[in-house]
Each structure stands twice: as C-alpha cells, then as structure tokens.
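Input: a single structure, listed below in structure tokens.
Only a predicted model underlies this, so the values are computations on that prediction, with no experimental measurement involved. Quick note: residue numbers are just sequence positions, from 1.
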Amino acid sequence: LLDRSFLEAIQRAGCRSTFVGIESLNTHCLAGVDKAYPAAALDQALENASRVGIGVEATVMIGLPEDSAASIRRTTDAVIRLFREKRLALVHYFLCVPWPGTAIGDHPARHGVQLAAARHAHYVTAPSVPLASTKHLRAGEVFSLWEEGVAQLEDEVRQQIVLRRLRRTFGTASATP
C-alpha cells in the first residue's frame, strides 16, 4: 500500500478493495509480535489506497503481549478515526487468540502472557470468556477493554448508518459525524 504506482496498476486491473492485518497502531506492541512495519507508515498507506479508489478492510488485534490499557484505547480511538474518515472501509476488531502452533500459544511465558482459557473451544475471534493476559493487564482487563472497543465501534457504525440515511433522505452532503 505504500507503493502508489502499484496501487494504481491494480486498481486499473479491477481491484477495488484489499484486506490488511494492521493488528495495532502501537510500534512497541507490533515489535513484540515481530511485525516489521512502522505504525506511522499506516497513514500514508491508507491515504494512497484512498486516493486511487481502493477500499481497505483491516484486522486489529487487542491484547497483544505488550498491550496496556492506554495502548488498547489509543489503537481503538485511532481505528475509529480512520473508519470515520473513510480510510478504513471495514474493521475486524479481534481479541488476540493464543492459538496452539503460534509463538504466543506455544510459549506464553516467553511473551509474558498467562493463558486464562484452558479449553481451545473458547479460542474464537469473538470469545465469550477472557483468553489471556498481556504483560501489563490481567486477562479479564484485556477482555473488558476489548468489549469496550467493540461497543465503541458498533456505536460508530450505527452513527454512520444514520448519517448515510439522512443524506439519502434529505440529499445533503453537509452532515458529518
């Protein structure tokens, strides 16, 4: 997404959307899970995609090993801003799941994580129980912050739907969130 000429080429070829794993907007949290991109590059990438007419769907993962309450709230606020600005077309807001076979799932202690859910049946992206701690938060705290973020995103989506309906009904482009 940083290569605008590439985006223009795939848009001309018919690409209208792409799916990316943002995971976090905190560089420290990303480094903790070996993500190699700087979080600051995201703004430029989303701007490039928007300018050439490619919508971006993204995953965000709450509860990475380095996550704190502040980093989770910053990521949630930033994702909502990007959605509001129409730089993200769709957000998949997941809780970090320590799947067996992953570095975190196989070696949680190395990552400073404690598993809270012993049954793998709970390991889904929208769980009903806390799954794991981070280095800075208990599993229940991570789960509560995730639920809080889900509620905020749902509120934003509802607001966008109402605004879209108002614009269609009254033909106004001036109504903004």
Side-chain angles (χ1 to χ4, degrees), residues 1-2 7 15-50 54-99 101-105 108 111-117 122-161 163 177:
L1 297 180
L2 289 172
L7 290 171
C15 179
R16 297 297 177 260
S17 68
T18 188
F19 189 87
V20 297
I22 292 174
E23 316 314 6
S24 177
L25 294 166
N26 181 299
T27 303
H28 185 66
C29 290
L30 291 170
V33 290
D34 297 325
K35 288 283 186 170
Y37 71 90
L42 179 65
D43 278 334
Q44 184 62 53
L46 295 176
E47 181 65 25
N48 289 347
S50 177
I54 295 177
V56 178
E57 295 183 22
T59 57
V60 176
M61 195 172 301
I62 299 305
L64 296 172
E66 295 291 342
D67 259 330
S68 65
S71 71
I72 290 171
R73 286 191 174 109
R74 277 193 308 272
T75 291
T76 302
D77 291 345
V79 166
I80 289 170
R81 176 185 54 82
L82 292 167
F83 179 75
R84 186 177 293 143
E85 293 171 353
K86 303 198 180 338
R87 293 168 81 194
L88 289 178
L90 185 62
V91 178
H92 302 269
Y93 188 83
F94 295 137
L95 192 60
C96 181
V97 178
W99 294 104
T102 65
I104 297 170
H111 295 276
V113 171
Q114 292 182 348
L115 303 182
H122 291 126
Y123 283 24
V124 295
T125 53
S128 59
V129 298
L131 299 179
S133 70
T134 70
K135 290 181 179 178
H136 311 285
L137 299 166
R138 294 185 312 272
E141 293 171 314
V142 174
F143 188 76
S144 292
L145 287 162
W146 172 72
E147 288 182 313
E148 179 183 303
V150 168
Q152 289 175 307
L153 283 162
E154 286 175 345
D155 288 346
E156 183 62 32
V157 169
R158 281 190 200 96
Q159 290 174 23
Q160 293 295 324
I161 291 168
L163 288 171

Return the minimal non-hydrogen interatomic distance between Gly63 and Cys96, and the atom names on each side. O-CB, 3.5 Å
Calculate, to the nearest 0.5 Å, the distance between atoms NZ and CD belonging to Lys135 and Glu66 respectively. 3.5 Å
Report the distance from atom CG of Asn26 to atom NZ of Lys35, rounding to the nearest 0.5 Å. 14.0 Å
Around atom CD of Gln114, are there more than 12 heavy atoms of other residues, nucleotides or ligands at under 6.0 Å? no
Check the pair Val60, Val91 against side chain to side chain contact (heavy atoms under 4.5 Å, CB included), reporting the backbone distance first and the verdict last. CA-CA 7 Å; Val60 176; Val91 178; 4.1 Å; yes
Any Ile80 side-chain heavy atom under 4.5 Å of Leu153 side chain: yes
What are the two closest heavy atoms between Ser24 and Cys29, and how far apart are they? OG-CB, 3.7 Å
Roughly how far, to the nearest 0.5 Å, is CZ of Arg84 from CG of Asp77? 9.0 Å
Rounded to the nearest 0.5 angstrom, the OG-NZ distance for Ser50 and Lys86 is 10.5 Å
Tell me whether Thr102 contacts the main-chain N or O of Pro98 through its side chain, where contact means a donor paired with an acceptor under 3.5 Å. no
Roughly how far, to the nearest 0.5 Å, is the CZ atom of Arg73 from the CG atom of Leu145? 5.0 Å
For a side chain to side chain contact (heavy atoms under 4.5 Å, CB included) check, start with the C-alpha distance between Ile22 and Leu88, then their side-chain angles and the critical distance, and finish with the verdict. CA-CA 11 Å; Ile22 292 174; Leu88 289 178; 4.1 Å; yes
Without swapping roles, check the side chain of Trp146 against the backbone of Tyr93 for a donor-acceptor pair under 3.5 Å. yes
Between the side chains of Thr59 and Glu23, is a donor N or O closer than 3.5 angstrom to an acceptor N or O? yes
When you compare the side chain of Pro65 with that of Ile104, does any pair of heavy atoms fall below 4.5 Å? yes
Short question: side chain of Thr76, backbone of Gly149 - any donor-acceptor pair under 3.5 Å? no
Does a side chain donor of either Gln160 or Glu156 reach within less than 3.5 Å of an acceptor in the other side chain? yes
Can you tell which of Leu7, Asn48, Ile54, Leu42 makes a side chain to side chain contact (heavy atoms under 4.5 Å, CB included) with Leu1? Leu7
Between Trp99 and Tyr123, the two heavy atoms sitting closest are CH2-O, 2.5 Å
CZ (Arg138) with more than 12 external heavy atoms under 6.0 Å: no
May I ask you to decide whether Arg158 forms a salt bridge with Asp155, counting only side-chain N to carboxylate O separations under 4.0 Å? yes
Measure the CG-CZ distance between Asp43 and Arg87 for me, rounded to the nearest 0.5 Å. 4.5 Å
Please name the pair of heavy atoms, one in Ala117 and one in Val129, separated by the smallest distance, quoted to 0.1 Å. CB-CG2, 4.4 Å
Go through Arg74 and Leu25 one step at a time and tell me if the side chain to side chain contact (heavy atoms under 4.5 Å, CB included) criterion holds. CA-CA 8 Å; Arg74 277 193 308 272; Leu25 294 166; over 6 Å; no
Taking every heavy atom of Ser68 against every heavy atom of Leu137, the minimum-distance pair comes out as C-CD1, 3.6 Å
Hey, are the side chains of Phe143 and Leu95 touching, using non-hydrogen atoms and a 4.5 Å cut-off? yes
